[in-house]
Amino acid sequence: DKDDKDDSMDTSKDASRKLTPLQDLLLEHIAEEPKDRLDLAMTLIYHLWQYCHGLSETSSSSDPWGLYDFVVVELVQAIVPGLEMKDRAFVKLFVELPRLTPRVFEELRAACEDGDRVFVAMATLHELIVLR
């Protein structure tokens, strides 16, 4: 349950309350088979990016990107353990994100510190530098 998460991430808890039941269901569905549902995850991420981008231009809200950040980090945390480090899905996930947030970089940093994922995480960093 998302409400049982660490209280140190107040923005993510606030964002999780803004998820629609459909978004919640999509997160669960993608997490079940992340490699096969990576395209669905990217579609959801781009939809949220477009929504938040529109809010940031028209709203006086201090942080319209909280929901985007929360969902992207949730998807990364759900998808990464299910990906094989030999394929390019890990790199694709990070490189194709429309907006890279500090919390996303924290997930990538954690992967760089993980002995099983260090090579693909460093390759991902290289791709991000080259392509962005």
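These numbers come from a predicted model, not from an experiment. In this chain, residues are counted from 1 in sequence order.
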(request) Applying side-chain contact (heavy atoms from CB on, under 4.5 Å), run through L100 and L128 and close with a yes or a no. (result) CA-CA 10 Å; L100 297 166; L128 286 171; 3.9 Å; yes
Supply the atom-to-atom distance [X] [atom1] to [Y] [atom2], rounded to the nearest 0.5 angstrom.
| X | Y | atom1 | atom2 | value |
| --- | --- | --- | --- | --- |
| I45 | L75 | CD1 | CG | 5.0 Å |
| C52 | H47 | SG | NE2 | 9.0 Å |
| M42 | I30 | CE | CD1 | 10.5 Å |
| T20 | L26 | OG1 | CG | 7.5 Å |
| H126 | M122 | NE2 | CE | 10.5 Å |
| H29 | L22 | NE2 | CG | 11.0 Å |

Looking only at atom types and distance, does a side-chain atom of [X] sit under 3.5 Å from a main-chain N or O of [Y], one as donor and one as acceptor?
| X | Y | value |
| --- | --- | --- |
| E113 | A110 | no |
| Y68 | T101 | no |
| R99 | W49 | no |

Looking only at heavy atoms, which two atoms of [X] and [Y] are closest? And how far apart?
| X | Y | result |
| --- | --- | --- |
| I79 | P34 | CA-CB, 3.5 Å |
| A111 | F90 | CB-CZ, 3.7 Å |
| V73 | V104 | CG2-N, 4.2 Å |
| V76 | F94 | CG1-CZ, 3.8 Å |
| P81 | R117 | CA-NH2, 3.2 Å |

(message) So, using salt bridge (charged side-chain N to carboxylate O under 4.0 Å, His left out) as the criterion, who are the partners of D39 when residues are at least two apart?
(response)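 Listed in chain order: K92.
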(message) Is there a path of hydrophobic side-chain contacts, each under 4.5 Å between heavy atoms of I/L/V/M/F/W/Y residues, joining V95 to F119?
(response)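 Yes: a chain of side-chain contacts under 4.5 Å links F119 to V95.
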(request) Find out if a path of hydrophobic residues (ILVMFWY) with successive side-chain heavy-atom gaps under 4.5 Å connects V120 to I129. (result)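 No, V120 does not connect to I129 through the hydrophobic network.
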(request) Answer whether the closest heavy-atom distance between the side chains of T124 and L93 falls below 4.5 Å. (result) no
(message) Between R103 and E106 (salt bridge meaning N to carboxylate O under 4.0 Å), is one present in this structure?
(response) no
(request) Please say whether more than 12 non-hydrogen atoms of neighbouring residues, nucleotides or ligands are located less than 6.0 Å from OH in Y46. (result) yes
(request) Could you list the residues that satisfy side-chain hydrogen bond (donor to acceptor under 3.5 Å, both in side chains) with E96, not counting sequence neighbours? (result) none
